[in-house]
Undergrad: 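Before I ask anything, let me first share the structure, which is written out below as structure tokens.
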Amino acid sequence: MLAWSANHVVILAQHHTADFEMSRMESLLVKESPLLLPLNKDKTVYDGFITVQERDFRIRILLPPDHQLKLAKLQCCWQLKQLLCGYGHIVKQRLHHSPDLVSFVLELKTVLEVALKCRPECRSIPPPQYYSQLIIEMEDLGWDKLVSIDTEFRTLRLRAEDSSGRQHVVTVKLKPKHPVEAPWCSADLPVPLALTWTPQSSLGHVHTQFLLLLESLAEFWAVLDEIDEKTWVLEPEKPSRADTMRRIAIVVTPLRNKLNANMHLWNPDCSILQNLRDVLEIEFPSPATHEKSSFSAECGICYAYRLESAIPDQVCNDPRCGQPFHQACLYEWLRGLPSSRQSFNIVFGECPYCSKPITVKMSTQKP
């Protein structure tokens with residue numbers, strides 16, 4: 001008859017828990033890094049490969065008898081050692097803070113992914129068929145469509161011309177498994193460039209879908225082109241095809257009454273610019289009639305035109321004054337006057353130049 005004490009039961013339970021944790025860690029390690037295997041019964045030496053971005057790196061991990069990671073040693077292949085150059089302190093930190101080997105391997109993979117992104121020369125090289133496929137697709141598309149290609153033959157810039165003669169460029173970044181994997185595409189557009197892709201797709205499909213999207217935006221760009229050509233555009237300074245707004249110069253300030261009185265004159269068959277002329281009964285300043293400097297009025301408080309990205313867009317309502325201010329400047333000025341008052345997010349005060357009543361909404365950016 002065997003007699004078991006409470007101490008024996010506790011010790012057995014501890015051994016059972018430790019064995020369970022070790023078994024669980026081994027199964028997780030096999031799942032995350034199946035090529036990294038223990039070489040001895042005590043499982044203090046692991047040797048093999050860890051895989052990052054489809055590249056295998058040889059590594060050996062030497063653990064102390066108590067399996068404490070902070071005392072572990074790493075032995076790496078020369079490629080891995082070169083890649084981790086400059087990341088040694090991070091790897092040591094991960095060794096000290098990771099609760100187990102699986103956690104450390106996951107942390108090490110994260111570090112390697114960052115290192116590979118920072119060192120393009122260490123990235124995996126596509127197979128030979130990648131380059132032959134790329135040449136075939138460019139020959140089908142036409143080499144005249146190619147604006148540029150990087151030294152790794154991964155990033156291409158393709159030109160396209162819409163029906164109005166506007167020139168556009170789409171940037172295509174190919175994946176190593178092209179055409180199985182969809183490329184990343186971007187262009188100077190006011191809408192997302194969402195392209196459909198299958199393993200049978202090619203650069204020609206990208207170019208065709210890009211042209212269709214350009215044609216759908218042709219009318220929109222025609223409106224903006226007319227505004228850019230026939231008015232002084234204050235914002236943005238250099239409009240791109242992705243910009244959807246224009247801040248233009250207008251020399252007449254009392255326009256609200258005309259707008260309310262003449263809205264019935266709006267004709268959908270006319271352009272936006274022509275409708276604005278008819279409704280507001282004005283001629284817009286343009287490069288043909290005015291210098292742009294006439295509309296780049298500086299702020300009456302800070303005496304600058306630009307305050308970071310802001311321009312003076314708060315104007316005194318008195319037509320005899322009309323002094324412009326930055327919103328942030330006017331807000332800080334009025335808030336510092338004892339005669340000003342605030343109601344919710346609006347400050348009421350006097351114009352710094354003519355002392356006439358002026359209001360400004362609470363500034364959202366510091367001057």
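Throughout, residue positions are numbered sequentially from 1 according to the sequence presented. For the numbers below, each heavy atom of this structure counts, side chains included, while hydrogens, waters and symmetry mates do not.
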Undergrad: Are L108 and V52 close enough, and set up right, to give a side chain to side chain contact (heavy atoms under 4.5 Å, CB included), and what steps lead you there?
TA: CA-CA 10 Å; L108 181 60; V52 180; over 6 Å; no
Undergrad: Tell me, do I59 and L80 make a side-chain contact under 4.5 Å, heavy atoms counted?
TA: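 Result yes, sub-4.5 Å side-chain heavy-atom pair found.
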Undergrad: Could you check if a side-chain atom of L71 sits within less than 4.5 angstrom of a side-chain atom of L95, using non-hydrogen atoms only?
TA: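 Of all side-chain heavy-atom pairs linking L95 with L71, none is under 4.5 Å.
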Undergrad: Under the 3.5 angstrom rule, does the side chain of D150 hit a backbone N or O of T155 as a donor-acceptor pair?
TA: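 Yes; judged by distance alone, with no hydrogens or angles, the pair exists.
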Undergrad: Is a side-chain N or O of S103 found less than 3.5 angstrom from the main chain of P99, in a donor-acceptor match?
TA: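 No; zero donor-acceptor contacts below 3.5 Å.
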Undergrad: Quick one: CG on D56 to OG1 on T51, what's the gap to the nearest 0.5 Å?
TA: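 Between D56 CG and T51 OG1, I get 3.5 Å after rounding to 0.5 Å.
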Undergrad: Say whether Y131 and L146 are linked into one hydrophobic cluster, either directly or through other cluster members, by side-chain heavy-atom distances under 4.5 angstrom.
TA: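 Yes.
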Undergrad: In terms of ring plane angle, is the pair W197 and H178 parallel, tilted or perpendicular, where the classes change at 30° and 60°?
TA: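 Ring orientation of W197 relative to H178: tilted.
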Undergrad: Could you list the residues that satisfy salt bridge (Lys or Arg N to Asp or Glu O under 4.0 Å) with R306, not counting sequence neighbours?
TA: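 So R306 forms a salt bridge (Lys or Arg N to Asp or Glu O under 4.0 Å) with E235, E237.
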Undergrad: Which heavy atom in V315 sits nearest to a heavy atom in G322, and how many Å separate them?
TA: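 Heavy-atom minimum between the residues: CG1-O, 3.4 Å.
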Undergrad: Please list, chain by chain and in numerical order, all residues satisfying ring-ring contact (aromatic ring centres under 6.0 Å, His included) with W184, sequence neighbours excluded.
TA: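 For W184, no residue satisfies ring-ring contact (aromatic ring centres under 6.0 Å, His included) once neighbours in sequence are set aside.
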Undergrad: Mind running side chain to side chain contact (heavy atoms under 4.5 Å, CB included) on F348 and L334 for me, showing each step along the way?
TA: CA-CA 7 Å; F348 299 82; L334 295 181; over 6 Å; no
Undergrad: Using side-chain heavy atoms (C-beta onward) and a distance below 4.5 Å, is W266 in contact with V279?
TA: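 Side-chain contact under 4.5 Å: yes.
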Undergrad: Establish whether L280 and M263 are linked, either directly or via other cluster members, by ILVMFWY side-chain heavy-atom contacts under 4.5 Å.
TA: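 Yes, same cluster.
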Undergrad: For S202 and H205, test the side chains for any donor-to-acceptor distance below 3.5 angstrom and give the result as yes or no.
TA: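 Yes, because at least one side-chain N or O of S202 sits under 3.5 Å from a partner of the opposite role on H205.
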Undergrad: Does the distance from a Lys or Arg side-chain N to an Asp or Glu carboxylate O, for D225 and R241, drop under 4.0 Å?
TA: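 Salt bridge: yes.
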Undergrad: Look at atom CD of Q129 and say whether more than 12 heavy atoms of other residues, nucleotides or ligands are closer to it than 6.0 Å.
TA: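 Above 12, so yes.
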Undergrad: Might you work through the side chain to side chain contact (heavy atoms under 4.5 Å, CB included) test for L37 and Y46, ending with a clear yes or no?
TA: CA-CA 5 Å; L37 303 172; Y46 285 81; 5.8 Å; no
Undergrad: Side-chain heavy atoms nearer than 4.5 Å, only ILVMFWY residues, links allowed to pass through others: does that put V111 and L101 together?
TA: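 Shared cluster, yes.
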Undergrad: Which heavy-atom pair separates R246 from S240 by the least distance, and what is that distance?
TA: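 Minimum heavy-atom separation between R246 and S240: NH2-O, 4.4 Å.
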Undergrad: For a quick test of reading the model, state the closest non-hydrogen atom pair linking L203 to E137 and the distance between them.
TA: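 Result for this residue pair: N-OE1, 2.9 Å.
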Undergrad: I need the minimum non-hydrogen distance between Y331 and K361, along with the two atoms involved.
TA: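 Shortest heavy-atom separation between Y331 and K361 comes out as CD1-O, 4.1 Å.
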Undergrad: Determine whether more than 12 heavy atoms belonging to other residues, nucleotides or ligands lie under 6.0 Å from atom CG of N317.
TA: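 No, because the 6.0 Å sphere around CG of N317 holds 12 heavy atoms or fewer from other groups.
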Undergrad: At what distance, to the nearest 0.5 angstrom, does NE2 of H89 lie from CZ of R94?
TA: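 Reported to 0.5 Å precision, the distance equals 9.0 Å.
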Undergrad: Do L74 and L69 land in one hydrophobic cluster if side-chain heavy atoms of ILVMFWY residues count as linked below 4.5 Å?
TA: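 As far as the 4.5 Å side-chain criterion goes, L69 and L74 are connected within one cluster.
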Undergrad: If we ignore hydrogens and angles and just use 3.5 Å, is the side chain of R320 paired with the main-chain N or O of C354 as donor and acceptor?
TA: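 No.
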Undergrad: Identify the heavy atoms of T231 and I227 that sit nearest to each other, and give their distance.
TA: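 Distance-wise, the nearest heavy atoms are OG1-O, 2.6 Å.
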Undergrad: Any heavy-atom pair between the side chains of L36 and V105 that's under 4.5 Å?
TA: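 Of all side-chain heavy-atom pairs linking L36 with V105, at least one is under 4.5 Å.
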Undergrad: How long is the span from the CG atom in L273 to the CD atom in E229, to the nearest 0.5 Å?
TA: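 Here the rounded value is 10.0 Å.
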Undergrad: Is L62 close to T44 at the side-chain level, that is, under 4.5 Å between some pair of heavy atoms?
TA: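 With C-beta onward as the side chain, the pair stays apart.
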Undergrad: Answer with yes or no after comparing the ring centroid distance for W221 and H168 against a 6.0 Å cut-off, counting only values under it.
TA: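 Yes, ring centres under 6.0 Å apart.
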Undergrad: Applying side chain to side chain contact (heavy atoms under 4.5 Å, CB included) to L112 and L83, what does each step give before you reach the verdict?
TA: CA-CA 7 Å; L112 289 173; L83 189 59; 3.7 Å; yes
Undergrad: Out of curiosity, F325 CZ to C299 SG, how far, rounded to the nearest 0.5 Å?
TA: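 Going from the CZ atom of F325 to the SG atom of C299 covers 7.0 Å.
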Undergrad: Could you check whether S339 and E350, counting side-chain N and O atoms only, form a donor-acceptor pair closer than 3.5 Å?
TA: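 No, because no side-chain N or O of E350 sits under 3.5 Å from a partner of the opposite role on S339.
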Undergrad: Give a yes or no on whether L141 and I136 share a hydrophobic cluster (residues Ile, Leu, Val, Met, Phe, Trp, Tyr; joining criterion: side-chain heavy atoms under 4.5 Å apart).
TA: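 They do not share one cluster, since no chain of ILVMFWY contacts under 4.5 Å joins L141 to I136.
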Undergrad: Any side-chain to backbone donor/acceptor pair from E215 onto S163? Under 3.5 Å, distance only.
TA: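 The answer is yes, because a donor-acceptor pair under 3.5 Å joins these two groups.
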Undergrad: Enter the distance from Q93:CD to K70:NZ here, rounded to the nearest 0.5 Å.
TA: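 Answer for the CD-NZ pair, Q93 versus K70, is 14.5 Å.
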Undergrad: Taking T198 for its side chain and Q200 for its backbone only, find out whether a donor-acceptor pair lies under 3.5 Å.
TA: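 Yes, because the side chain of T198 sits within donor-acceptor range (under 3.5 Å) of the backbone of Q200.
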Undergrad: Between atom CD of Q75 and atom NZ of K81, what is the distance when rounded to the nearest 0.5 Å?
TA: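 Reported to 0.5 Å precision, the distance equals 8.5 Å.
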Undergrad: May I have the step-by-step check of side chain to side chain donor-acceptor pair (under 3.5 Å) for T196 and Q209, ending in yes or no?
TA: CA-CA 8 Å; T196 58; Q209 293 180 70; 3.1 Å; yes
Undergrad: Just so I know, are the side chains of D318 and I358 near enough to count as touching, which here means a heavy-atom distance under 4.5 Å?
TA: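 No; the side chains remain at least 4.5 Å from each other.
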Undergrad: Give the minimum heavy-atom separation between V170 and C185, together with the two atoms involved.
TA: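 So the minimum-distance heavy-atom pair works out to CG2-CB, 4.5 Å.
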Undergrad: Answer whether the closest heavy-atom distance between the side chains of L63 and D42 falls below 4.5 Å.
TA: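 Sidechains of D42 and L63: no contact.
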Undergrad: I want to check something: taking the side chain as every heavy atom from C-beta on, are Q79 and R58 in contact at a cut-off of under 4.5 Å?
TA: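 Result no, sub-4.5 Å side-chain heavy-atom pair not found.
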Undergrad: Do we see a donor-acceptor contact under 3.5 Å between the side chains of Q327 and Q314?
TA: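 There is no such pair (donor and acceptor under 3.5 Å, judged by atom type) between the side chains of Q327 and Q314.
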Undergrad: Can we say K175 and E181 salt-bridge, meaning some charged N sits less than 4.0 Å from an Asp/Glu carboxylate O?
TA: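 Judged by the 4.0 Å cut-off on N to carboxylate O distance, K175 and E181 do not form a salt bridge.
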Undergrad: Quick one: do the E226 and S271 side chains pair a donor with an acceptor below 3.5 Å?
TA: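 Side chains of E226 and S271: pair found under 3.5 Å.
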